[in-house]
**Q** 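Quick one: the structure is below, questions incoming.
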Amino acid sequence: MREAIELEARGERSEQKQNEQYEQREQNELARCAIHREVVHYRADTLTCDSEMALPSETPVALVYNGIAHSVMMCSASDLEDFAIGFSLSEGIIDSLLDIHDIEQIDGCQGIELHITLANRCVHRLKEKRRTMAGRTGCGICGSESLEQVIRTQPSLPDSQRLAVGHIDKVLSALRPLQLLGQRTGATHAAVHLDGEGNILAIREDVGRHIALDKLVGHLCRTGRRDGAILVTSRASFEMVQKCASAGVEILLAISAATELAVERAEQTGLTLVGFCRPGRAEIYSGCQRILLK
(Lines give C-alpha, C1' and ligand atoms only; values in the text may rest on other atoms or scores of the structure.)
Protein backbone atom coordinates (compact mmCIF):
# COMPACT_ATOMS: atom_id res chain seq x y z
CA MET A 1 0.00 0.00 0.00
CA ARG A 2 2.82 2.39 0.95
CA GLU A 3 4.64 1.68 -2.32
CA ALA A 4 1.46 2.40 -4.29
CA ILE A 5 1.00 5.72 -2.49
CA GLU A 6 4.64 6.66 -3.15
CA LEU A 7 4.31 5.78 -6.83
CA GLU A 8 1.12 7.85 -7.09
CA ALA A 9 2.82 10.79 -5.37
CA ARG A 10 5.76 10.54 -7.79
CA GLY A 11 3.34 10.52 -10.71
CA GLU A 12 1.60 13.64 -9.42
CA ARG A 13 4.95 15.41 -8.93
CA SER A 14 6.05 14.40 -12.43
CA GLU A 15 2.82 15.72 -13.96
CA GLN A 16 3.12 18.95 -11.97
CA LYS A 17 6.72 19.38 -13.17
CA GLN A 18 5.66 18.82 -16.77
CA ASN A 19 2.89 21.42 -16.42
CA GLU A 20 5.36 23.89 -14.90
CA GLN A 21 7.83 23.28 -17.74
CA TYR A 22 5.08 23.75 -20.32
CA GLU A 23 3.92 27.00 -18.71
CA GLN A 24 7.53 28.26 -18.55
CA ARG A 25 8.04 27.42 -22.23
CA GLU A 26 4.85 29.30 -23.12
CA GLN A 27 6.05 32.35 -21.16
CA ASN A 28 9.46 32.21 -22.85
CA GLU A 29 7.90 32.00 -26.30
CA LEU A 30 5.51 34.84 -25.52
CA ALA A 31 8.42 37.00 -24.34
CA ARG A 32 10.30 36.27 -27.56
CA CYS A 33 7.26 37.14 -29.69
CA ALA A 34 6.44 40.47 -27.99
CA ILE A 35 9.32 42.93 -27.72
CA HIS A 36 8.97 46.10 -25.63
CA ARG A 37 10.07 49.37 -27.22
CA GLU A 38 9.85 53.00 -26.13
CA VAL A 39 7.19 55.00 -27.97
CA VAL A 40 5.53 58.39 -27.66
CA HIS A 41 1.82 58.09 -26.87
CA TYR A 42 -0.71 60.59 -28.18
CA ARG A 43 -3.94 60.60 -26.19
CA ALA A 44 -6.55 63.38 -25.97
CA ASP A 45 -4.21 66.21 -27.08
CA THR A 46 -1.43 64.99 -24.78
CA LEU A 47 1.98 63.56 -25.71
CA THR A 48 3.50 61.11 -23.25
CA CYS A 49 7.18 60.27 -23.74
CA ASP A 50 9.28 57.42 -22.41
CA SER A 51 6.40 54.95 -22.48
CA GLU A 52 6.82 51.31 -23.42
CA MET A 53 4.70 49.33 -25.83
CA ALA A 54 4.81 45.65 -26.76
CA LEU A 55 5.47 45.15 -30.48
CA PRO A 56 5.09 41.83 -32.28
CA SER A 57 8.47 40.49 -33.35
CA GLU A 58 8.97 39.02 -36.81
CA THR A 59 11.56 36.25 -36.91
CA PRO A 60 12.96 34.74 -40.12
CA VAL A 61 12.20 31.03 -39.98
CA ALA A 62 13.86 28.85 -42.60
CA LEU A 63 12.29 25.51 -43.52
CA VAL A 64 15.00 23.03 -44.49
CA TYR A 65 13.90 19.61 -45.76
CA ASN A 66 16.49 16.82 -45.73
CA GLY A 67 19.23 19.43 -46.03
CA ILE A 68 17.48 21.32 -48.84
CA ALA A 69 16.63 24.95 -48.06
CA HIS A 70 13.03 25.40 -49.16
CA SER A 71 11.73 28.77 -47.99
CA VAL A 72 12.03 31.49 -45.39
CA MET A 73 8.90 32.84 -43.73
CA MET A 74 8.57 35.77 -41.34
CA CYS A 75 6.85 34.37 -38.24
CA SER A 76 6.14 34.81 -34.58
CA ALA A 77 8.65 32.45 -32.97
CA SER A 78 6.20 30.19 -31.13
CA ASP A 79 4.71 26.74 -31.80
CA LEU A 80 7.22 26.28 -34.61
CA GLU A 81 6.97 22.49 -34.64
CA ASP A 82 3.24 22.85 -35.28
CA PHE A 83 4.08 25.36 -38.02
CA ALA A 84 6.52 22.96 -39.69
CA ILE A 85 3.93 20.18 -39.72
CA GLY A 86 1.02 22.39 -40.78
CA PHE A 87 3.00 24.12 -43.53
CA SER A 88 4.22 20.80 -44.90
CA LEU A 89 0.70 19.37 -44.95
CA SER A 90 -0.94 22.53 -46.33
CA GLU A 91 1.62 22.84 -49.12
CA GLY A 92 1.17 19.21 -50.18
CA ILE A 93 4.74 18.29 -49.23
CA ILE A 94 3.49 15.51 -46.95
CA ASP A 95 0.30 13.48 -46.80
CA SER A 96 0.33 12.73 -43.08
CA LEU A 97 2.40 13.12 -39.94
CA LEU A 98 4.01 9.73 -40.67
CA ASP A 99 5.88 11.36 -43.58
CA ILE A 100 7.93 13.43 -41.10
CA HIS A 101 10.65 11.48 -39.30
CA ASP A 102 12.14 14.32 -37.27
CA ILE A 103 12.01 18.09 -36.69
CA GLU A 104 15.00 19.93 -35.22
CA GLN A 105 14.94 23.62 -34.34
CA ILE A 106 18.26 25.47 -34.59
CA ASP A 107 18.41 29.01 -33.23
CA GLY A 108 20.88 31.36 -34.90
CA CYS A 109 21.78 35.02 -34.67
CA GLN A 110 19.95 35.76 -37.95
CA GLY A 111 16.83 33.70 -37.23
CA ILE A 112 15.66 30.11 -36.76
CA GLU A 113 16.12 27.04 -38.94
CA LEU A 114 13.64 24.17 -38.84
CA HIS A 115 15.36 21.04 -40.12
CA ILE A 116 12.67 18.59 -41.19
CA THR A 117 13.53 15.02 -42.11
CA LEU A 118 11.08 13.61 -44.65
CA ALA A 119 10.34 10.23 -46.12
CA ASN A 120 12.22 9.76 -49.41
CA ARG A 121 9.11 9.90 -51.61
CA CYS A 122 8.27 13.31 -50.14
CA VAL A 123 11.75 14.62 -50.91
CA HIS A 124 11.21 13.71 -54.56
CA ARG A 125 7.88 15.53 -54.53
CA LEU A 126 9.51 18.55 -52.89
CA LYS A 127 12.18 18.78 -55.57
CA GLU A 128 9.52 18.72 -58.29
CA LYS A 129 7.83 21.75 -56.77
CA ARG A 130 10.95 23.89 -57.35
CA ARG A 131 9.59 26.66 -55.18
CA THR A 132 11.49 29.89 -54.58
CA MET A 133 9.44 31.69 -51.96
CA ALA A 134 10.34 35.22 -50.91
CA GLY A 135 10.51 35.65 -47.14
CA ARG A 136 7.51 37.67 -46.12
CA THR A 137 4.77 37.62 -43.55
CA GLY A 138 2.01 35.20 -44.34
CA CYS A 139 1.34 33.99 -47.83
CA GLY A 140 2.07 30.44 -48.96
CA ILE A 141 1.74 31.23 -52.65
CA CYS A 142 4.56 33.62 -53.54
CA GLY A 143 7.09 31.90 -55.75
CA SER A 144 4.85 29.17 -57.15
CA GLU A 145 5.67 28.51 -60.78
CA SER A 146 2.27 27.36 -62.01
CA LEU A 147 -1.42 27.49 -61.14
CA GLU A 148 -1.34 23.73 -60.63
CA GLN A 149 1.05 24.27 -57.74
CA VAL A 150 -1.31 26.78 -56.15
CA ILE A 151 -4.75 25.22 -56.69
CA ARG A 152 -4.25 21.54 -55.98
CA THR A 153 -6.73 18.74 -56.56
CA GLN A 154 -8.16 17.62 -53.24
CA PRO A 155 -10.71 14.94 -52.36
CA SER A 156 -14.16 16.08 -51.24
CA LEU A 157 -14.66 16.41 -47.51
CA PRO A 158 -17.13 14.17 -45.64
CA ASP A 159 -20.34 15.64 -44.26
CA SER A 160 -20.08 14.63 -40.61
CA GLN A 161 -20.00 17.89 -38.62
CA ARG A 162 -22.72 20.28 -37.45
CA LEU A 163 -22.45 23.62 -35.63
CA ALA A 164 -25.25 25.72 -34.16
CA VAL A 165 -24.92 29.29 -35.38
CA GLY A 166 -25.39 30.54 -31.81
CA HIS A 167 -22.12 28.86 -30.82
CA ILE A 168 -20.24 31.38 -32.96
CA ASP A 169 -21.14 34.10 -30.45
CA LYS A 170 -19.90 31.83 -27.68
CA VAL A 171 -16.53 31.47 -29.37
CA LEU A 172 -16.20 35.18 -30.07
CA SER A 173 -16.88 36.12 -26.45
CA ALA A 174 -14.31 33.60 -25.17
CA LEU A 175 -11.64 34.36 -27.76
CA ARG A 176 -10.02 37.63 -26.72
CA PRO A 177 -8.77 36.54 -23.25
CA LEU A 178 -6.99 33.63 -24.97
CA GLN A 179 -5.17 35.85 -27.47
CA LEU A 180 -2.20 36.48 -25.20
CA LEU A 181 0.12 37.76 -27.92
CA GLY A 182 -2.70 39.77 -29.49
CA GLN A 183 -3.50 41.43 -26.18
CA ARG A 184 0.12 42.45 -25.73
CA THR A 185 0.69 43.76 -29.24
CA GLY A 186 -2.67 44.35 -30.94
CA ALA A 187 -1.07 43.22 -34.21
CA THR A 188 -1.41 39.47 -34.55
CA HIS A 189 -3.92 37.00 -35.93
CA ALA A 190 -5.30 33.88 -34.30
CA ALA A 191 -6.58 30.56 -35.61
CA VAL A 192 -8.85 28.61 -33.26
CA HIS A 193 -10.09 25.04 -33.14
CA LEU A 194 -13.53 24.62 -31.57
CA ASP A 195 -15.71 21.61 -30.96
CA GLY A 196 -19.34 21.18 -31.99
CA GLU A 197 -20.52 22.89 -28.79
CA GLY A 198 -18.49 26.03 -29.44
CA ASN A 199 -15.81 25.26 -26.85
CA ILE A 200 -12.31 26.44 -27.80
CA LEU A 201 -9.92 23.49 -27.83
CA ALA A 202 -6.75 25.11 -29.18
CA ILE A 203 -5.48 28.49 -30.34
CA ARG A 204 -2.40 29.51 -32.31
CA GLU A 205 -1.23 33.10 -32.93
CA ASP A 206 1.15 34.74 -35.39
CA VAL A 207 1.82 38.02 -37.17
CA GLY A 208 0.81 36.20 -40.35
CA ARG A 209 -2.74 34.92 -40.68
CA HIS A 210 -1.69 32.03 -42.93
CA ILE A 211 1.04 31.02 -40.51
CA ALA A 212 -1.32 31.10 -37.53
CA LEU A 213 -3.53 28.69 -39.48
CA ASP A 214 -0.56 26.52 -40.47
CA LYS A 215 0.37 26.24 -36.80
CA LEU A 216 -3.16 25.15 -35.91
CA VAL A 217 -3.26 22.66 -38.79
CA GLY A 218 0.01 21.22 -37.50
CA HIS A 219 -1.49 20.87 -34.02
CA LEU A 220 -4.55 19.09 -35.44
CA CYS A 221 -2.31 16.81 -37.48
CA ARG A 222 -0.36 15.84 -34.35
CA THR A 223 -3.49 15.22 -32.29
CA GLY A 224 -5.46 13.53 -35.06
CA ARG A 225 -8.45 15.87 -34.61
CA ARG A 226 -10.67 16.75 -37.58
CA ASP A 227 -13.93 17.43 -35.79
CA GLY A 228 -15.56 20.75 -35.01
CA ALA A 229 -14.53 23.89 -36.87
CA ILE A 230 -11.73 26.40 -37.33
CA LEU A 231 -12.18 30.13 -36.78
CA VAL A 232 -9.69 32.69 -38.10
CA THR A 233 -9.49 36.34 -37.06
CA SER A 234 -9.11 37.57 -40.63
CA ARG A 235 -10.70 37.32 -44.03
CA ALA A 236 -11.02 33.90 -45.66
CA SER A 237 -8.87 33.61 -48.78
CA PHE A 238 -8.81 30.53 -50.98
CA GLU A 239 -5.45 29.41 -49.49
CA MET A 240 -7.07 29.26 -46.08
CA VAL A 241 -9.91 27.16 -47.44
CA GLN A 242 -7.34 24.87 -49.04
CA LYS A 243 -5.38 24.56 -45.79
CA CYS A 244 -8.51 23.57 -43.83
CA ALA A 245 -9.52 21.08 -46.49
CA SER A 246 -6.05 19.53 -46.43
CA ALA A 247 -6.45 19.01 -42.67
CA GLY A 248 -9.86 17.36 -43.16
CA VAL A 249 -11.70 20.13 -41.30
CA GLU A 250 -15.21 20.67 -42.68
CA ILE A 251 -16.13 24.13 -41.32
CA LEU A 252 -14.17 27.39 -41.62
CA LEU A 253 -15.36 30.53 -39.85
CA ALA A 254 -13.83 33.94 -40.57
CA ILE A 255 -14.20 37.26 -38.78
CA SER A 256 -14.11 39.15 -42.08
CA ALA A 257 -15.31 38.46 -45.60
CA ALA A 258 -14.45 35.63 -47.95
CA THR A 259 -13.03 36.10 -51.42
CA GLU A 260 -14.83 34.85 -54.51
CA LEU A 261 -12.15 32.24 -55.16
CA ALA A 262 -12.39 31.08 -51.54
CA VAL A 263 -16.12 30.42 -52.00
CA GLU A 264 -15.47 28.60 -55.28
CA ARG A 265 -12.79 26.46 -53.63
CA ALA A 266 -15.06 25.74 -50.66
CA GLU A 267 -17.79 24.53 -53.02
CA GLN A 268 -15.30 22.31 -54.87
CA THR A 269 -14.04 20.66 -51.69
CA GLY A 270 -17.41 20.54 -49.94
CA LEU A 271 -16.27 22.82 -47.11
CA THR A 272 -18.68 25.00 -45.13
CA LEU A 273 -17.44 28.59 -45.35
CA VAL A 274 -18.84 31.30 -43.08
CA GLY A 275 -17.72 34.93 -43.08
CA PHE A 276 -18.45 38.14 -41.17
CA CYS A 277 -18.71 36.16 -37.93
CA ARG A 278 -19.75 38.89 -35.51
CA PRO A 279 -22.09 38.87 -32.51
CA GLY A 280 -25.53 38.03 -33.88
CA ARG A 281 -24.31 37.92 -37.49
CA ALA A 282 -22.84 35.40 -39.93
CA GLU A 283 -22.78 35.05 -43.73
CA ILE A 284 -22.87 31.41 -44.89
CA TYR A 285 -21.25 31.18 -48.33
CA SER A 286 -21.24 27.41 -48.83
CA GLY A 287 -22.17 24.16 -47.12
CA CYS A 288 -25.08 25.66 -45.20
CA GLN A 289 -26.35 22.18 -44.19
CA ARG A 290 -23.68 22.03 -41.48
CA ILE A 291 -24.84 25.27 -39.80
CA LEU A 292 -27.89 24.83 -37.58
CA LEU A 293 -30.18 27.40 -36.01
CA LYS A 294 -30.21 25.57 -32.69
**Q** Of all the heavy-atom pairs spanning Ala34 and Leu181, show the shortest one and how long it is.
**A**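 Shortest heavy-atom separation between Ala34 and Leu181 comes out as CB-CD1, 3.8 Å.
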**Q** In terms of hydrophobic clustering (I, L, V, M, F, W, Y; side-chain heavy atoms under 4.5 Å; direct or indirect links), are Phe83 and Ile93 co-clustered?
**A**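 Hydrophobic grouping puts Phe83 with Ile93.
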**Q** Using a strict cut-off of less than 4.0 Å between a Lys/Arg side-chain nitrogen and an Asp/Glu carboxylate oxygen, indicate whether Arg125 and Asp99 qualify as a salt bridge.
**A**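 Answer for the salt bridge query: no.
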**Q** Are any of the side-chain heavy atoms of Leu271 and Ile251 separated by less than 4.5 Å?
**A**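 A side-chain contact is absent here, since even the closest heavy-atom pair is not under 4.5 Å.
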**Q** Would you say Ile255 and Leu252 are hydrophobically clustered, going by side-chain heavy atoms of ILVMFWY under 4.5 Å?
**A**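 No, no single cluster joins them.
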**Q** Please tell me if the side chains of Leu213 and Cys244 come closer than 4.5 Å, counting only heavy atoms from C-beta onward.
**A**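 Of all side-chain heavy-atom pairs linking Cys244 with Leu213, at least one is under 4.5 Å.
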**Q** Which residue pairs pass the salt bridge (charged side-chain N to carboxylate O under 4.0 Å, His left out) test with at least one member in residues 156-167, sequence neighbours excluded?
**A**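 Listed once each, the pairs are Asp159-Arg162, Asp159-Arg290.
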**Q** Ignoring hydrogens and geometry beyond distance, is a side-chain donor-acceptor pair present between Glu250 and Ser160 at under 3.5 Å?
**A**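 Result is yes, a qualifying pair exists.
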**Q** Quick one: list whatever passes side-chain contact (heavy atoms from CB on, under 4.5 Å) with Ala247, sequence neighbours left out.
**A**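 Ala247 satisfies side-chain contact (heavy atoms from CB on, under 4.5 Å) with Val217, Val249 once adjacent residues are dropped.
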**Q** Nearest heavy-atom pair of Leu273 and Ala266: which atoms, and what distance?
**A**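 Nearest pair, atom of Leu273 first, then Ala266: CB-CB, 4.0 Å.
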**Q** With the side chain counted from C-beta on, respond yes when Ser78 and Leu30 share a heavy-atom pair under 4.5 Å apart, and no when they do not.
**A**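 SC-SC contact between Ser78 and Leu30 ruled out.
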**Q** Which atom names give the shortest non-hydrogen contact between Ala191 and Ala212, and what distance separates them?
**A**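 What the structure gives for the nearest pair is CB-O, 3.6 Å.
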**Q** Say whether, by atom type as modelled, one donor and one acceptor occur between the side chain of Thr269 and the main chain of Gln242 under 3.5 angstrom.
**A**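 Answer holds: no.
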**Q** Any sub-3.5 Å donor-acceptor pair from Thr185's side-chain atoms to Ala187's backbone N or O?
**A**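 Looks like yes, one N/O pair under 3.5 Å.
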**Q** Rounded to the nearest 0.5 Å, how far apart are CG of Leu63 and CE of Met73?
**A**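 The distance works out to 8.0 Å.
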**Q** Within the side chain of Ser76, is there an N or O that forms a donor-acceptor pair under 3.5 Å with the backbone of Val207?
**A**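 Yes, because the side chain of Ser76 sits within donor-acceptor range (under 3.5 Å) of the backbone of Val207.
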**Q** Are any of the side-chain nitrogens in Asp95 or Arg121 under 4.0 Å away from the carboxylate oxygens of its partner?
**A**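 A salt bridge links Asp95 with Arg121.
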**Q** Going by salt bridge (charged side-chain N to carboxylate O under 4.0 Å, His left out), name the residues that satisfy it together with Arg176, two or more places apart in sequence or in a different chain.
**A**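 Partners of Arg176 under the salt bridge (charged side-chain N to carboxylate O under 4.0 Å, His left out) test: none.
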**Q** Please answer whether the main-chain N or O of Lys215 pairs with a side-chain N or O of Asp79 as donor and acceptor at a distance below 3.5 Å.
**A**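 Here the side-chain-to-backbone pair does not exist.
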**Q** Closest approach of Glu267 and Ser286, non-hydrogen atoms and distance?
**A**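 Heavy-atom minimum between the residues: CG-CB, 3.9 Å.
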**Q** Assigning hydrophobic clusters by single linkage (Ile, Leu, Val, Met, Phe, Trp, Tyr; side-chain heavy-atom cutoff under 4.5 Å), is Ile211 placed with Ile203?
**A**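 Looking at the clustering, Ile203 is in a separate group from Ile211.
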**Q** List the atom pairs, donor and acceptor, that lie under 3.5 Å between side-chain atoms in residues 103-114 and the rest of the protein, sequence neighbours left out.
**A**
unit_1	atom_1	unit_2	atom_2	d
Gln105	NE2	Asp107	OD1	3.1
Glu113	OE1	His115	NE2	2.7

**Q** For the pair His193 and Asp227, evaluate side chain to side chain contact (heavy atoms under 4.5 Å, CB included) and give the outcome as yes or no after the intermediate values.
**A** CA-CA 9 Å; His193 178 221; Asp227 58 313; 3.9 Å; yes
**Q** Tell me yes or no: between the side chains of Tyr285 and Thr272, is some donor less than 3.5 Å from an acceptor?
**A**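 There is no such pair between these side chains.
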**Q** Mind checking salt bridge (charged side-chain N to carboxylate O under 4.0 Å, His left out) for Asp82 and listing every partner two or more places apart, or none if nothing turns up?
**A**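 Listed in chain order: Arg204, Arg222.
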**Q** Looking at CD1 of Ile230 and NZ of Lys243, how far apart are the two atoms once the value is rounded to the nearest 0.5 Å?
**A**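 Those atoms lie 11.0 Å apart.
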**Q** Quick one: do Phe87 and Ser71 satisfy side chain to side chain contact (heavy atoms under 4.5 Å, CB included)? Show the steps, please.
**A** CA-CA 11 Å; Phe87 178 88; Ser71 64; 3.9 Å; yes
**Q** For Gln161 and Gly228, work out which heavy atoms get closest and say how close.
**A**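 Nearest pair, atom of Gln161 first, then Gly228: OE1-N, 2.9 Å.
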**Q** Under 4.5 Å between any side-chain heavy atoms of Val165 and Leu292, yes or no?
**A**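 No, their side chains stay 4.5 Å or more apart.
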**Q** Using only heavy-atom distances, determine whether the side chains of Glu205 and His189 contain a donor-acceptor pair under 3.5 Å.
**A**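 Short answer, no.
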**Q** Contact between Arg265 and Gln154 at the side-chain level, heavy atoms closer than 4.5 Å - yes or no?
**A**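 Answer yes - side chains close enough.
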**Q** Looking at residues at least two apart in the chain, or sitting in another chain, which of them share a side-chain hydrogen bond (donor to acceptor under 3.5 Å, both in side chains) with Thr59?
**A**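 side-chain hydrogen bond (donor to acceptor under 3.5 Å, both in side chains) list for Thr59, sorted by chain: empty.
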**Q** Side chain to side chain contact (heavy atoms under 4.5 Å, CB included) between Glu58 and Cys75: does it pass, once the steps are laid out?
**A** CA-CA 5 Å; Glu58 292 183 277; Cys75 307; over 6 Å; no
**Q** Dump the intermediate steps for side chain to side chain contact (heavy atoms under 4.5 Å, CB included) on Met240 and Ser234, then the final yes or no.
**A** CA-CA 10 Å; Met240 304 188 91; Ser234 65; 3.8 Å; yes
**Q** Kindly compute the distance separating NE2 (His210) from OG (Ser237), expressed to the nearest 0.5 Å.
**A**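 Interatomic distance, His210 NE2 to Ser237 OG, rounded to 0.5 Å: 3.5 Å.
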**Q** Using the side chain to side chain contact (heavy atoms under 4.5 Å, CB included) definition, which of the options Thr117, Ile116, Leu118 pairs with Asp102?
**A**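 Per the side chain to side chain contact (heavy atoms under 4.5 Å, CB included) rule, the option paired with Asp102 is Thr117, out of Thr117, Ile116, Leu118.
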**Q** Quick one: NZ on Lys170 to NE2 on His167, what's the gap to the nearest 0.5 Å?
**A**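 Reported value, rounded in 0.5 Å steps: 6.0 Å.
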**Q** Out of curiosity, does Leu89 fall in the hydrophobic cluster containing Val232 (side-chain heavy atoms, cut-off under 4.5 Å, transitive links)?
**A**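 As far as the 4.5 Å side-chain criterion goes, Leu89 and Val232 are connected within one cluster.
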**Q** Hey, does Thr188 have a side-chain heavy atom less than 4.5 Å from the side chain of Gln179?
**A**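 When only atoms from C-beta onward are counted, Thr188 and Gln179 do not touch, as no gap falls below 4.5 Å.
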**Q** Following the transitive rule for hydrophobic clusters with a side-chain heavy-atom cut-off under 4.5 Å over Ile, Leu, Val, Met, Phe, Trp and Tyr, establish whether Leu194 and Leu157 coincide in one cluster.
**A**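 Different clusters: Leu194 never reaches Leu157 through Ile, Leu, Val, Met, Phe, Trp or Tyr contacts under 4.5 Å.
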**Q** Kindly compute the distance separating OH (Tyr65) from OG (Ser88), expressed to the nearest 0.5 Å.
**A**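 So the gap between those two atoms works out to 2.5 Å.
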**Q** Within 45° of the six-membered ring axis of Phe276 and under 6.0 Å from that ring's centre, is NZ or CZ of Arg281 located there?
**A**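 Here Arg281 passes the 6.0 Å and 45° test against Phe276.
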**Q** Does the side chain of Leu231 reach to within under 4.5 Å of the side chain of Leu175, using non-hydrogen atoms?
**A**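 Yes, their side chains come closer than 4.5 Å.
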**Q** Heavy atoms only: give me the nearest Pro279-Asp169 pair and the separation to one decimal.
**A**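 For Pro279 versus Asp169, the nearest heavy atoms are CA-OD1, 3.3 Å.
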**Q** Find the distance between CG (Asp206) and SG (Cys33) and round it off to the nearest 0.5 Å.
**A**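 Answer rounded to 0.5 Å: 7.5 Å.
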